[in-house]
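A quick write-up on the structure given underneath.
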Amino acid sequence: MSPEISNQSLWFLIIFVVIPLSVSYFYQLGLSRNVIVASLRGTVQLFAIGYILTYLFDLNAYIGIPLMVTVMLVVASFHARKKGKELPYVLPVIFGGLVLVEVSVLAMWLLFGMVEFIPSEVIPMSGMVIGNSMVAMGLALERMKSEFSENRGRLLAALSLGAEPKQASTLIVQRTLNAALIPNVDRIKTIGLVQLPGMMTGLILGGVEPIMAIKYQLVISLSIFSSVSLSAMFVTLIMYRHFFTENKQLLESEEAMLAYASNQEK
Amino acid sequence: MIEFRNVSHGPLRDISFTLQKQERAILFGPSGTGKSTLLFLFNRLKDPEEGEIFYNGKPLTDVPIIELRQKFGLLLQSPNLFPGTVLDNLKYGPSLTNSWRPGREKELLEYVQLSPEMKDRDVDHLSGGQQQRVSLARTLANEPEVLLLDEPTSALDDKTGEDIETVLKELIEQQGLTMVMVTHQMAQARRLGTNGLFMNEGTIEEHGKIPEMLEQPQSKALKEYLQG
Ligand SMILES: Nc1ncnc2c1ncn2[C@@H]1O[C@H](COP(=O)(O)OP(=O)(O)OP(=O)(O)O)[C@@H](O)[C@H]1O
Ligand SMILES: [Mg+2]
């Protein structure tokens, strides 16, 4: 198979855009504008990143890697924060968690010689780790908020029986972690059967031996698996405290939380 | 025993009253006047924004908060049971301080007139009345001195409500408990209460002995409230 795709054949990709567009049109989903914008934006982003990557990969590793990884961490933090804007300190917590995850995964890779410290290896693999961790943190935050509001009565009951906030939140923390980790476990279970993982496919298309490709895929899949677990745990275990005051009282609502946090800072 | 001095919080404005040991106070008044909020101030699920609360002459905040919450047992309007068995729920409070004695569930279930075999039942499979009984037994497991009850029977049908009421009355009399109960049912107030606190728009509009207060209401608001 030739990895060369001609520019003419790229134009035919428009057909793939026309399909969701017509679905949206016929069922009046009002998504047409979104579909067009998303496709254009995605295309521009990909070409841009293609050129940037070519440039980055030629840079010295000690400049290119920190530069790109920092950009990824910052963008991912701001994105995950959207799921928990009302919560105090959510941005620094997410950022800290992502840094922790990235640094530990990177250390493992380098320590055991799984990955070479060159931009063309570290950057794409870090991107996958950070991206998946970002999604997991967002999921955990959303889930935690809904568990806190659904279980308000139970939390009040637990506190009234003399539970510490930590004890009262056990159930919520369990459910949140469960929800954040299940898709992750499912993905590992069906790996290679339903979906051939992206990186492995890419390497094989690029002419790498399947066995080599599988080794790389194993490294990245398990790295993602553990970093997703770590990041969900990190945000959950840090953020649940912010639903309580230091007098072991449950805060009224998310607005109350913000007000409380800003009072504490004064 | 418990004194509120010019307490304000949320809907509550300038609340002052004293509650004696073994008094059974009925807290009543229109919806949204802050009755539940007032109850939450006793066990410090909320703290006053202004004013102070005293317990045996000392600020309420002097009592370690966990100890306070065990002493002041709160029963919420709905059962809010934890997932698991009846026994899991009964053990919850005492287990937090490692003071659960195995076998105690028998006595607790008996208090609320449930059979001992119920202990292994999943709480999701209980009726509303049974759940509220388990919830009451769970509160009693901490051996509270003061019972704070937020409309304990309002979610139940009349018959079940009356059963729970009988259970409560016996318990309170036997154990000499102090009680603060929110209720909308005046017949229940007469059966269970010694004193009444009538709340309206966040303040205590009128207070006094229970039958008198209901028979000779002084304020216009209470008269209107009693006429329905
Ligand atoms: N901290 C607060 N600040 C402002 N408003 C509050 C605060 N806490 C509670 N409220 C509001 O006060 C009102 C009264 O609350 P509460 O539940 O105590 O009334 P209630 O007398 O128990 O009513 P019901 O009979 O319906 O149970 C509610 O509308 C609630 O939203
Ligand atoms: Mg209420």
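In what follows, chains carry the letters A, B, and so on, assigned in the order in which the sequence lines appear, proteins first and then strands, with residues in each chain numbered from 1.
Residues A:Ala157 and B:Arg138 come closest through the heavy atom pair CB-NH2, 3.4 Å. The two residues B:Tyr92 and A:Ala168 have their closest heavy-atom pair at OH-CA, 3.9 Å. The nearest pair of heavy atoms linking A:Gln249 to B:Leu45 is CG-O, 3.4 Å.
The parts of B:Lys46 that come within reach of chain A are both its backbone and its side chain, each placing non-hydrogen atoms under 4.5 angstrom from that chain. A:Leu156 touches chain B through backbone and side chain together, each having a heavy atom under 4.5 Å away. For B:Leu81, the part lying near chain A is the backbone, with the side chain staying farther off; criterion is any non-hydrogen pair under 4.5 Å.
To the nearest 0.5 Å, atom CG of residue B:Leu148 and atom OG of residue A:Ser160 are 8.5 Å apart. Here the straight-line distance linking atom CG of A:Leu159 with atom CD1 of B:Ile66 works out to 8.0 Å at 0.5 Å rounding. One finds the CG atom of B:Asp47 at 7.0 Å from the OG1 atom of A:Thr245 (value rounded to the nearest 0.5 Å). Within the model, atoms CG of A:Leu161 and CZ of B:Arg69 stand 10.5 Å from one another, a figure rounded to the nearest 0.5 Å. A distance of 10.5 Å separates CZ in A:Arg152 from CG in B:Leu76, rounded to the nearest 0.5 Å.
Within the 4.5 Å cutoff, the side chain of A:Asn151 has no heavy atoms near those of the B:Phe82 side chain. Using a 4.5 Å heavy-atom threshold, the side chains of B:Pro83 and A:Arg175 count as touching.
Environment of CG in B:Asp158: sparse, with no more than 12 heavy atoms of neighbouring residues, nucleotides or ligands closer than 6.0 Å. Remark: A:Met114 CE is packed, more than 12 non-hydrogen atoms of other residues, nucleotides or ligands lying under 6.0 Å away. Around atom CD of B:Glu173, more than 12 heavy atoms belonging to other residues, nucleotides or ligands sit under 6.0 Å away. The 12-atom threshold is exceeded at CD of A:Gln45, counting heavy atoms of other residues, nucleotides or ligands nearer than 6.0 Å. For B:Glu50, the CD atom counts as loosely surrounded, since its 6.0 Å shell holds 12 or fewer non-hydrogen atoms of other residues, nucleotides or ligands. For NZ of A:Lys166, the number of neighbouring non-hydrogen atoms (other residues, nucleotides, ligands) closer than 6.0 Å is 12 at most. Atom CD of B:Glu110 is surrounded by 12 or fewer heavy atoms from other residues, nucleotides or ligands within 6.0 Å.
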